[in-house]
Amino acid sequence: MGNNTKAIVEGAMLAGIAAIMAIASTYVPFLSLFYIVFPVPIAIAGYKYGLKISILSLLVASLIIAVLSHPLSFLGSIALGIVGVGIGYFQHKKAPAATALIGVFFLALFTMLLELWVAFKFMGIDVISQIVDMFKQATQLNMDIYKRIGVSGQTLQDMDALTKYMLNTLKTLMPFIIIASVSLMVFVNYIVTNFILKRLGYKDIVTLPPFSTWLMPKSAAIVFSVFIAAGFFIKAESMGKDMVQVWSNLLALGFMAFFIDGLSLVSFYMKKVGMSRFFQAVIFIMLLFYSYFNILVFMAGLLDAGMDFRRLRGDSRR
């Protein structure tokens, strides 16, 4: 069997696997997470045989999904599967991990925004409004439940005010939510693809550096610190609604970035003292789910990016 024939056959097999994963996630509830890693077989095809085969695999998989589920799912499969095309391309080219993640992120973000635009422009489907409406319905259902069980008075008013605040926050931070979702999707597929390729015996996989060595640029720490300081002197009323939304989303993005830096810092010192993985996991759970710790981790990350507590920038191995 020639190389081209082998590539096409294996690409078709990987397309079938991707399609099965996507369809199974639709009809089998406990397999719904499979859809998130739908791009992985596409990425493997791209790593082994290049860009053309990964694109062909994506098209075949998307057509199978559209035929077996719903024609409109073709567009969504293409938008998600492009993540696999990007990962496969960068891994095939042996690009550095940071280059690959950034490149695939912008490719995926562009594709998602294009999908949203096409859905709205040609099909009249406003996905963002649908998400907001679903949240409204969910919160209204919760309020109805509280009323039925006897909650009333000031408590009910406080709950109603909280749900309205959460709804306004959802609307304001929708750009951040989209960016964070795309980032997480790209990162998960990159990690899973690398894991599977290693399990298949491939040794030349480009991987991310250890999490305990991740560090934000010093310039980013300085700019974000100035950004935060400026917020104390600028009143929201003088900025206008659109500028407030931009400001809020930039704050959220900065918080997420330096929070990750802070988690990396904590991981570094936990490893340094020889803490067991179990206790490391317990501490990470506490840091992730308690808001007070969230602020502390963010501040630690911001200071670490500026001052480099771990001396990583002077480490020639980094």
Side-chain angles (χ1 to χ4, degrees), residues 3-26 31-66 68-69 73-115 178-211 214:
N3 289 335
N4 288 339
T5 304
K6 180 182 178 182
I8 292 172
V9 170
E10 191 166 344
M13 291 175 59
L14 289 166
I17 293 172
I20 290 171
M21 290 169 60
I23 294 168
S25 69
T26 302
L31 296 179
S32 58
L33 288 177
F34 270 20
Y35 192 65
I36 298 174
V37 292
F38 158 73
V40 170
I42 310 300
I44 293 173
Y47 165 77
K48 295 183 68 174
Y49 300 111
L51 184 62
K52 291 182 180 179
I53 295 299
S54 66
I55 292 175
L56 179 63
S57 298
L58 174 58
L59 291 173
V60 171
S62 300
L63 285 171
I64 294 173
I65 294 168
L68 296 180
S69 56
S73 63
F74 179 82
L75 188 63
S77 300
I78 291 292
L80 179 58
I82 205 71
V83 171
V85 173
I87 292 173
Y89 171 80
F90 283 108
Q91 279 289 19
H92 186 73
K93 295 294 184 180
K94 303 296 184 291
T99 301
L101 288 173
I102 293 171
V104 177
F105 165 77
F106 282 109
L107 177 65
L109 181 62
F110 171 78
T111 307
M112 176 179 284
L113 294 176
L114 181 62
E115 178 194 12
I178 292 174
I179 291 172
S181 300
V182 172
S183 300
L184 181 61
M185 179 177 61
V186 170
F187 179 77
V188 168
N189 279 280
Y190 188 83
I191 295 297
V192 174
T193 299
N194 285 357
F195 174 78
I196 293 176
L197 286 172
K198 285 182 178 180
R199 297 288 292 183
L200 292 174
Y202 294 96
K203 306 296 184 182
D204 58 344
I205 308 301
V206 180
T207 59
L208 285 165
F211 178 65
W214 292 14

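For the single chain, residues carry numbers from 1 onward in sequence order.
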What residue pairs, at least two apart or across chains, pass salt bridge (charged side-chain N to carboxylate O under 4.0 Å, His left out) with a residue in residues 33-50?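 Listed once each, the pairs are Glu10-Lys48.
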Listed once per pair and sorted, the salt bridge (charged side-chain N to carboxylate O under 4.0 Å, His left out) pairs that draw on residues 49-61, sequence neighbours left out: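 Sorted result for residues 49-61: empty, none.
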side-chain hydrogen bond (donor to acceptor under 3.5 Å, both in side chains): which pairs involve residues 11-21, sequence neighbours left out? none
Over all heavy atoms of both residues, which pair between [X] and [Y] is shortest? Give the atoms and the distance, please.
| X | Y | value |
| --- | --- | --- |
| Val37 | Pro41 | O-CD, 3.8 Å |
| Gly76 | Glu115 | CA-OE2, 3.3 Å |
| Leu107 | Gly86 | CD2-CA, 4.1 Å |

From [X] atom [atom1] to [Y] atom [atom2], the distance as rounded to the nearest 0.5 Å:
| X | Y | atom1 | atom2 | answer |
| --- | --- | --- | --- | --- |
| Ile196 | Leu200 | CD1 | CG | 7.5 Å |
| His92 | Ile53 | NE2 | CD1 | 10.5 Å |
| Leu184 | Ile36 | CG | CD1 | 7.5 Å |
| Met185 | Phe38 | CE | CZ | 11.5 Å |
| Leu80 | Ser73 | CG | OG | 11.5 Å |
| Ile55 | Leu51 | CD1 | CG | 4.0 Å |

Do [X] and [Y] come close enough that some side-chain heavy atom pair is under 4.5 Å?
| X | Y | answer |
| --- | --- | --- |
| Ile78 | Leu59 | yes |
| Val206 | Phe90 | no |
| Ile87 | Ile42 | no |
| Leu63 | Phe74 | yes |

Give the intermediate values and the outcome of side-chain contact (heavy atoms from CB on, under 4.5 Å) for residues Val182 and Phe110. CA-CA 10 Å; Val182 172; Phe110 171 78; over 6 Å; no
Could you point out which residue of Leu101, Val40, Val83 forms a side-chain contact (heavy atoms from CB on, under 4.5 Å) with Tyr190? Leu101
Taking only residues two or more places apart in sequence or in another chain, which ones pass side-chain hydrogen bond (donor to acceptor under 3.5 Å, both in side chains) with Lys94?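 Asp204.
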Tell me, yes or no, whether the heavy-atom count around Phe105 atom CZ, taken from other residues, nucleotides or ligands under 6.0 Å, exceeds 12.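 Yes.
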Take Asn189 and Val104 through the side-chain contact (heavy atoms from CB on, under 4.5 Å) test and state the conclusion after the steps. CA-CA 10 Å; Asn189 279 280; Val104 177; over 6 Å; no
Sequence neighbours left out, cut at 3.5 Å: what donor-acceptor pairs do the side chains of residues 12-23 make with other protein atoms?
none

Working for side-chain contact (heavy atoms from CB on, under 4.5 Å), residues Ser54 and Tyr89: CA-CA 8 Å; Ser54 66; Tyr89 171 80; over 6 Å; no
Centroid-centroid distance, Tyr47 to Tyr202, less than 6.0 Å: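 Tyr47 vs Tyr202: aromatic centres under 6.0 Å.
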Partner residues of Phe211 under the ring-ring contact (aromatic ring centres under 6.0 Å, His included) criterion, sequence neighbours left out: Trp214
Between Asn194 and Gln91, is the side-chain contact (heavy atoms from CB on, under 4.5 Å) condition met? List the steps. CA-CA 9 Å; Asn194 285 357; Gln91 279 289 19; 2.6 Å; yes
Side-chain donor or acceptor of Ser57 paired with backbone N/O of Gly11 under 3.5 Å: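 Indeed, once roles are kept as given, a pair shorter than 3.5 Å links the two residues.
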